[in-house]
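Remember, it's 1-based here, ligands and their atoms both numbered in the order they're listed. Numbers here simply count residues along the sequence, with the first being 1.
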Amino acid sequence: MSEYDVLEADRLKQLFDLTGEAYVTRGGGFAEDPYPAFHKLRESGPVHEGVVGPLVGFDDPRAFFQGLPYHDLPHYSAFDWATCDAVFRDGDTFISQPPDADENALMFGGILYMDGERHRRYRALVQPQFLPKNASWWTDQWTVPAIEALLDRMAPNGRADLNVEFFSAIPLLTITGSFGISVADALDIREVAVSDGNGLERFFAIVKPLIAARKDDPRDDLISLLLRAELTEADGTTSRLTDDEVLTFSFLLLTAGGGTTWKQMGITMLGLLWNPEWLDAVQQDRTLYRSVVEESVRWTPTDPMFSRFVAHDTTLGGVDIPGGSVMHMCLAAANRDPARWDRPDEFDPGRPLQAQMGFGGGVHTCLGMHVARAEIVNAISMLLDRFPNLRLDEDAPAPRITGMYERGPSTVPVRFD
Ligand code: HEM
């Protein structure tokens, strides 16, 4: 018996199938390739009135993501690199705090939804733990043990859908492990995270007792770090986070950490399987993994859109935008802007390295990006080390990249027998 036995295939499939029920409100089943439409929109102007999804053919009123739904507000979307970059850099005009932040304090109280000095002070509390020099704090304790257990489990079968059987659990167990949450409770945390704000009682039932326990008995984990962190006010006085603030911070980290990287792992793996010369190349030279991951996030970022609320009337890309609007940045389109990249639609890890936007930009740039990179490199390199003859399973239905506001592979079917 191993603690990983609780990760039942059916439950993983239910929680991590983009085309299934759990991802309906994020448009997981949207099957079109949106990139031709992104190019067309960009060619006719950097900024368009409307929301990214409806502008490219996905129009579901239930859509739920950062900046959505807000049906009563005007919406605008930007599709080129320069405009998205300008929005990220202007935190006075394009703010992160939603108009209904107070009503939904748990979901909207975290740093993703803060602005200015308040954002800086709260982010600084946890930032050090997420720096590249601390990547092994995460990978040695939680990522690598999970990878090894999952590889052992797959090995006798000779074939697998890596999406569900391998990638899904690795980032989830890394972030839940870093909170001291058991493998048995990890899937419940994931279920709350995909429920658009429902089922929070289960989240409280898992995290509140941990907060209480760590107050008496601190450990080397994120809850203990949040509990001992000191906020410094402008006048130099310091204070600790309240229990509600610790809960809110935990909710954001657990949701963001467990929900993104698994899809980017699958996208990276498909990039390699569809370009076998790169699959060979990384097997010969491990130093290439870093460029492969960076190119995967440029080519197809798993979260293709992030948004801001417009603080006052402004003009962007020649379009007048009233204060109170929602401004969506299509990072996926910016990442394939031909003004910045040659052959932007090609997955080419050999291209000259330059900043891409898949982890966002400006002061809200993804806090977890170094952890995410380390998780992806460990997962794929350990997979290919264990199964050097890994190849696409030609008997399985052909995988494709699916989804609108969350994108990733439909499946990653492979053989290694
Ligand atoms: C490939 C995987 C990931 C991608 C593509 C990704 C993408 C992003 C993007 C685009 C943003 C900026 C949002 C904005 O500007 O409004 C962001 C923010 C954030 N991400 Fe990630 N993320 C990934 C993995 C992770 C992981 C593993 C964690 C945690 C362990 C994490 C935690 C966060 C947090 C806390 C923020 C908010 C930062 C702030 O507001 O200052 N992310 N992420």
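- Distance from atom 32 (C) of ligand 1 to its nearest protein heavy atom, with residue and atom name: A256 CB, 3.5 Å.
- Which parts of ligand 1 touch Q66 is read off a 4.0 Å heavy-atom cut-off, strictly below it: atoms 16 (O).
- Note: an N/O pair closer than 3.5 Å links H364 and ligand 1 by distance alone.
- Contacts of V297 with ligand 1, taken as heavy-atom pairs under 4.0 Å, are absent altogether.
- For the pair T302 and ligand 1, the shortest N or O to N or O distance does not fall below 3.5 Å.
- When the heavy atoms of C366, A372, S296 are ranked by distance to atom 20 (N) of ligand 1, first place goes to C366.
- Looking at ligand 1, you'll find an N or O of H119 within less than 3.5 Å of one of its N or O atoms.
- Considering all non-hydrogen atoms of both residues, V47 and L316 come closest at CG2-O, 3.6 Å.
- Under 4.0 Å is where a charged nitrogen must lie from a carboxylate oxygen, and between E148 and R386 no such pair does.
- Close contacts between ligand 1 and F88 involve ligand atoms 15 (O) [criterion: under 4.0 Å to a heavy atom].
- The protein heavy-atom contact nearest to atom 27 (C) of ligand 1 is T261 OG1, 3.4 Å.
- Ligand 1 places these atoms under 4.0 Å from at least one heavy atom of Q264: 1 (C).
- Taking 4.0 Å as the cut-off between side-chain N and carboxylate O, R298 and E295 count as a salt-bridged pair.
- Atom 38 (C) of ligand 1 has its closest protein heavy atom at R123 NH1, 3.4 Å.
- The residue D303 has no part lying near ligand 1, judged by heavy-atom distances below 4.0 Å.
- Taking every heavy atom of I175 and a limit of under 4.0 angstrom, the matching atoms of ligand 1 come to 30 (C).
- With hydrogens and angles disregarded, a donor-acceptor distance shorter than 3.5 Å links the side chain of H71 to the backbone of P61.
- A heavy-atom separation below 4.0 Å is found between F130 and ligand 1.
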Determine, step by step, whether E375 and T174 satisfy the side-chain hydrogen bond (donor to acceptor under 3.5 Å, both in side chains) criterion, reporting the C-alpha distance in whole Å, the side-chain angles of both residues, the deciding distance to 0.1 Å, and the verdict. CA-CA 8 Å; E375 287 175 329; T174 302; 3.2 Å; yes

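- In terms of modelled atom types and a separation under 3.5 Å, the side chain of T402 and the main chain of A31 share no donor-acceptor contact.
- Within ligand 1, the atoms closer than 4.0 Å to a non-hydrogen atom of G358 are 5 (C), 7 (C), 10 (C), numbered from 1 in the order shown.
- With a heavy-atom cut-off of 4.0 Å, R308 touches ligand 1 through its side chain alone.
- Remark: side-chain polar atoms of R121 are paired, donor with acceptor, to backbone N or O of T232 under 3.5 angstrom.
- For atom 28 (C) of ligand 1, the nearest protein heavy atom (residue, atom name, distance) is G368 CA, 3.5 Å.
- Looking at every heavy atom in both residues, H328 comes nearest to L68 through CE1-CD2, 3.9 Å.
- Under a 4.0 Å N-O distance rule, the pair D185/R190 does not qualify as a salt bridge.
- Taking every heavy atom of G360 and a limit of under 4.0 angstrom, the matching atoms of ligand 1 come to 10 (C).
- The existence of a salt bridge linking D60 and R62 is confirmed by a sub-4.0 Å separation between a basic side-chain nitrogen and an acidic carboxylate oxygen.
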Apply the test side-chain contact (heavy atoms from CB on, under 4.5 Å) to residues L231 and T238: give CA-CA distance (whole Å), side-chain angles for both, the deciding distance (0.1 Å), then the verdict. CA-CA 5 Å; L231 270 174; T238 58; over 6 Å; no

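- Summary of contacts: the protein heavy atom closest to atom 37 (C) of ligand 1 is L112 CD1, 3.9 Å.
- In this structure, atom 34 (C) of ligand 1 lies nearest to the protein heavy atom L367 CB, 3.8 Å.
- Comparing Y113, F249, F359 by heavy-atom distance to atom 4 (C) of ligand 1, the nearest is F359.
- Taking atom 29 (C) of ligand 1 as the reference point, the nearest protein heavy-atom neighbour is G257 CA, 3.7 Å.
- A side-chain donor-acceptor contact under 3.5 Å links D90 to the backbone of D92.
- For the residue pair L279 and V282, the shortest heavy atom distance occurs at O-CG2, 3.3 Å.
- Protein heavy atom in closest approach to atom 23 (C) of ligand 1: T260 OG1, 3.3 Å.
- At a 4.0 Å heavy-atom cut-off, ligand 1 touches F306 through the side chain alone.
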side-chain contact (heavy atoms from CB on, under 4.5 Å) evaluation trace for L173 with W142: CA-CA 7 Å; L173 296 179; W142 302 291; 5.8 Å; no

